[in-house]
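What follows is a short report on a single structure.
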Number of protein chains: 2
Amino acid sequence: MHRVRRSNPLALAVMVTLAEGPRHPYEIAQTLKRRHHDESIRLNFGSLYSVVNVLERAGLIAAEGVERDQRRPERTVYALTPAGHDEADDWLGELLATPAKEYLQFEAALTMVGAVAPGRVVDLLGDRIVALDAEIAGGAARLALLVGRHELPRLFVLEAEYQQALLVAEVAFVRALVAEITAGTFPGLAQWQAWHDGRSTAVHPPIPVSAPRRTP
Amino acid sequence: MHRVRRSNPLALAVMVTLAEGPRHPYEIAQTLKRRHHDESIRLNFGSLYSVVNVLERAGLIAAEGVERDQRRPERTVYALTPAGHDEADDWLGELLATPAKEYLQFEAALTMVGAVAPGRVVDLLGDRIVALDAEIAGGAARLALLVGRHELPRLFVLEAEYQQALLVAEVAFVRALVAEITAGTFPGLAQWQAWHDGRSTAVHPPIPVSAPRRTP
DNA sequence: CGTCGAATACTCGGTTGCGAATATTCACCA
DNA sequence: TGGTGAATATTCGCAACCGAGTATTCGACG
């Protein structure tokens, strides 16, 4: 009956889905997939069932009983409790109101980009630009199809619009960076290049410098 | 000696750091923190030591021996192997060239935003805008300080610039959304509102619609 | 001169997360 | 008719992850 850690958004998605009515876990997964929420929330069966267990132990959802739909495996149906309702409401509010620190793979890669020679970086980022453009085009087409034909109200594609906005910003950033490097106007390019001219190996260290630290 | 899963970028950061020369794990952590890489890569001691173990078993790094710096706890010093060098090079290239699917908390929240009444959404997102503006201002000031005073070459703040670009895009997206809702021009706003007028509870279900699925 | 906090260096234990396996039934096609 | 593959519904076990704990020493301060 103790507090549940607000780490895995799948737990929130389970509660919000159960707010529509009692479901068994497999059915929750079906619903999320039908709505493409599995593209925005990490969903796999192992995690789903373990998350459901945690929620049950915390009293946020409760098993309504075990059904057996004649000739189908038996299944446990869960319902949202009042406590679960409050928790979902509060958690969702927090996610919307407070920006969370995210650790992005590309951001991580950028911290180590000095370990790759500038020429190779230009090539690699060129590939990324192509891939990003393709993703953006695909996403835009999909959005136009769904909303344009009124298959889905805009309310239910906001997450896709958000993704598009981030992708557009990323490709602009990468394009600008590549442009600076190829034009030779990127500050410190000479040292960066020189460092790599000295060695045959590609992976190498950036120069460490200490700097004031912001409060987390 | 088997392959290592490319899930945790900390493993890559360890290898790239070791490319500068042999270090013991605690020293790797110090280095990453001094360079603020811990703001872009999830770093804590538990994960660090387990990641080091995995890398060693995979033959990507090797223990050089156990030192004891008189009156200090003993420590194991590791070095990057040639195989580790290749792996780091390849992994880093992949991260730079190929956009990875990221599961963002705010994106997850947007999939469930229909469960919150429009008026409350406007309030919550208003808070987010304030917080985002503050983060952007803080980040810009920090960048100006570091690069403007030539404390750090731009090469070593690219990840911060990338973060800024994403934050700016996000706040623009949220602002536009809030504007549409408050202006009443958001399509489907009436139904959204009506749904919530019907019930006292805040968490509720969005309308499910099936739609064509893109290939992952 | 004592002690309190920060730094050093690592270990440990418990949860979480994930992929694969399981077992059954249905739908379809040859 | 029988065989293949998809759908249904869940369990399992391991690997990863994280936070807290441990033990020591150094430096600062009163």
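We name chains A, B, ... by the order of the sequence lines, and we start the count at 1 in each one.
A sub-4.0 Å separation between OP1 or OP2 of C:dT16 and a side-chain N or O of A:Ser47 is absent. Note on B:Asn8: a side-chain N or O is less than 4.0 Å away from OP1 or OP2 of D:dC17. Considering only side-chain N and O atoms, A:Tyr49 lies under 4.0 angstrom from the phosphate OP1 or OP2 of D:dT10. Contact between the side-chain N/O atoms of B:His24 and the OP1/OP2 oxygens of C:dT8 is not found at any separation under 4.0 Å. A sub-4.0 Å separation between OP1 or OP2 of C:dG17 and a side-chain N or O of A:Arg42 is absent. Side-chain nitrogen and oxygen atoms of A:Tyr26 include none within less than 4.0 Å of the OP1 or OP2 phosphate oxygen of D:dT10.
Atom P of nucleotide C:dC10 and atom CZ of B:Arg23 are separated by 14 Å, given to the nearest angstrom. Rounded to an integer number of Å, the gap from CG of B:Asp38 to P of D:dG19 is 13 Å. Rounded to whole Å, the distance from CZ on B:Arg6 to P on C:dC18 is 20 Å. The CD1-C1' distance, from B:Ile28 to C:dC10, rounds to 13 Å in whole Å. When rounded to the nearest whole Å, the span between CG of B:Leu10 and P of D:dG19 equals 13 Å. Atom CG of B:Asn44 is separated from atom C1' of C:dT16 by 14 Å (rounded to the nearest Å). If you take CG of B:Leu48 and C1' of D:dC18, they are 12 Å apart, rounded to a whole angstrom. What separates NZ of A:Lys101 from P of D:dC18 is a distance of 14 Å, to the nearest Å.
Two residues are said to be in side-chain contact when any heavy atoms from C-beta on lie closer than 4.5 Å; B:Pro99 and A:Arg128 meet this criterion. Contact check for A:Tyr78 versus A:Leu18: side-chain heavy atoms found under the 4.5 Å cut-off.
Considering only the side chain of B:Ser7, D:dC17 comes nearest among C:dT11, D:dT10, D:dC17. With D:dA16, D:dA20, D:dT10 as the candidates, the nucleotide lying closest to the side chain of B:Arg57 is D:dA16. The nucleotide whose nearest atom lies closest to any side-chain atom of B:Val51 is, among D:dA16, D:dC17, C:dT8, D:dC17.
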Inset, instruction - Dump the intermediate steps for side chain to side chain donor-acceptor pair (under 3.5 Å) on B:Glu102 and A:Gln105, then the final yes or no. - result: CA-CA 8 Å; B:Glu102 306 274 5; A:Gln105 307 225 43; 4.7 Å; no
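Taking the nucleotide of DNA chain D with the nearest heavy atom to each of A:Glu27 and B:Ser50, the more 5' of the two is matched to A:Glu27. Toward the 5′ end of DNA chain D lies the nearest nucleotide of A:Pro25, the other residue of the pair A:Arg5 and A:Pro25 mapping further downstream.
Using the six-membered ring where Trp is involved, A:Phe45 and A:Tyr26 have ring planes that are parallel, under 30° apart on the 30 and 60° scheme.
In this structure a side-chain-to-backbone donor-acceptor pair under 3.5 Å is missing from A:Lys33 to A:Ile28.
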